[in-house]
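Quick caveat: nothing in here was measured; it's all calculated off a predicted structure.
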Amino acid sequence: MVDASFKNRMAAVAVISIDEVNEVKILSTRYEKASSPIDAELRGLLLALQVCFEVGWQNSHILMDSNEVVRAVASRNISHWALAHIFLDVFNLLDSRLYMVKWTPRSRNVAAHELAKWAFGLKISGNFKVQEVAPVVVANILSLI
């Protein structure tokens, strides 16, 4: 699951990785500059793909609530030319493995949203254990499993 929080040209992106037996494997955030909400969402997708690639996962489903990014990626359409470099990084990682990017409603992506919001408030990047993040994030993660 992927989401982003964006304000004043800054973003926090969040990735929550859950395996097939509903065990939380990875909580990852990145706080960085972004030019727009779409830029932030795209950077979140890139982080998710990088995480999958780095841990060696060959077949992953990545869920996000940005319909615009999901459609652009599915059609391999660079919908914002100023973000072409990020789109190309995303396309390259998608082509290297069996990764699927799927849309999910915001109501099913609350845990990633809360993790991004938490990271934005603290201006924090990194990988975390469930017990290291805010209680509201933990509650939303637990509601997934």
Side-chain angles (χ1 to χ4, degrees), residues 1-55 57 59-95 97-128 130 132-145:
M1 304 181 87
V2 178
D3 206 8
S5 183
F6 173 81
K7 184 178 179 183
N8 297 330
R9 301 187 63 81
M10 293 302 295
V13 299
V15 174
I16 300 174
S17 299
I18 300 172
D19 68 12
E20 61 277 351
V21 293
N22 288 332
E23 184 177 328
V24 176
K25 292 297 190 182
I26 295 171
L27 299 176
S28 187
T29 67
R30 187 177 292 156
Y31 183 77
E32 60 189 326
K33 290 182 180 180
S35 61
S36 66
I38 293 300
D39 183 7
E41 293 283 352
L42 194 57
R43 289 173 185 275
L45 175 56
L46 181 59
L47 177 61
L49 291 167
Q50 289 168 334
V51 165
C52 291
F53 189 83
E54 288 168 9
V55 298
W57 291 333
N59 186 358
S60 298
H61 294 242
I62 299 165
L63 305 175
M64 60 188 310
D65 60 21
S66 174
N67 201 20
E68 182 177 350
V69 171
V70 171
R71 283 183 300 173
V73 167
S75 66
R76 296 297 197 267
N77 177 34
I78 298 174
S79 59
H80 298 269
W81 282 103
L83 304 175
H85 61 291
I86 302 172
F87 273 105
L88 293 173
D89 287 345
V90 165
F91 297 159
N92 286 333
L93 284 169
L94 283 170
D95 292 341
R97 301 282 196 276
L98 296 173
Y99 300 142
M100 294 184 68
V101 179
K102 297 180 176 182
W103 179 81
T104 191
R106 169 59 64 102
S107 62
R108 304 244 343 178
N109 205 31
V110 174
H113 176 76
E114 290 294 335
L115 182 59
K117 197 164 88 172
W118 172 79
F120 191 91
L122 295 175
K123 300 179 180 163
I124 193 167
S125 298
N127 297 317
F128 305 93
V130 171
E132 295 175 320
V133 300
V136 67
V137 177
V138 174
N140 281 291
I141 291 170
L142 293 176
S143 73
L144 297 172
I145 55 179

Measure across [X] and [Y] and return the closest heavy-atom pair with its distance rounded to 0.1 Å.
X	Y	value
Ser5	Phe120	O-CD1, 3.6 Å
Leu93	Gln50	CD1-CG, 3.9 Å
Met1	Asn109	CE-OD1, 3.3 Å
Val51	Ser17	CG1-OG, 4.3 Å
Tyr31	Ser125	N-OG, 2.7 Å
Phe91	Val73	CE2-CA, 4.0 Å

Could you tell me if the side chain of [Y] sits less than 4.5 Å from the side chain of [X], heavy atoms only?
X	Y	value
Ile16	Lys25	no
Val133	Leu115	yes
Arg76	Leu94	yes
Leu27	Val130	yes
Cys52	Val15	no
Ser60	Met100	no

Taking Val21's backbone N and O only, do any of them form a donor-acceptor pair with Asp19's side chain (distance below 3.5 Å, no angle check)?
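Between the backbone of Val21 and the side chain of Asp19 there is a qualifying donor-acceptor contact (under 3.5 Å).
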
Main chain of Trp57, side chain of Tyr99: is a donor-acceptor contact present, judged purely on distance under 3.5 Å?
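A pair under 3.5 Å: yes.
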
Going from [atom1] on [X] to [atom2] on [Y], what distance comes out if it is rounded to the nearest 0.5 angstrom?
X	Y	atom1	atom2	value
Ile62	Leu49	CD1	CG	4.0 Å
Thr29	Lys117	OG1	NZ	15.5 Å
Asp39	His80	CG	NE2	9.5 Å
His113	Met64	NE2	CE	13.5 Å
Phe128	Ser28	CZ	OG	7.5 Å
Ile124	Arg30	CD1	CZ	14.0 Å

side-chain contact (heavy atoms from CB on, under 4.5 Å) partner of Thr104, chosen from Leu63, Asn67, Val70:
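Per the side-chain contact (heavy atoms from CB on, under 4.5 Å) rule, the option paired with Thr104 is Leu63, out of Leu63, Asn67, Val70.
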
Heavy-atom neighbours of Arg108 CZ exceed 12 at 6.0 Å
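12 or below, so no.
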
Would Lys33 and Met10 count as a side-chain contact (heavy atoms from CB on, under 4.5 Å) here? Give the steps.
CA-CA 4 Å; Lys33 290 182 180 180; Met10 293 302 295; 3.6 Å; yes

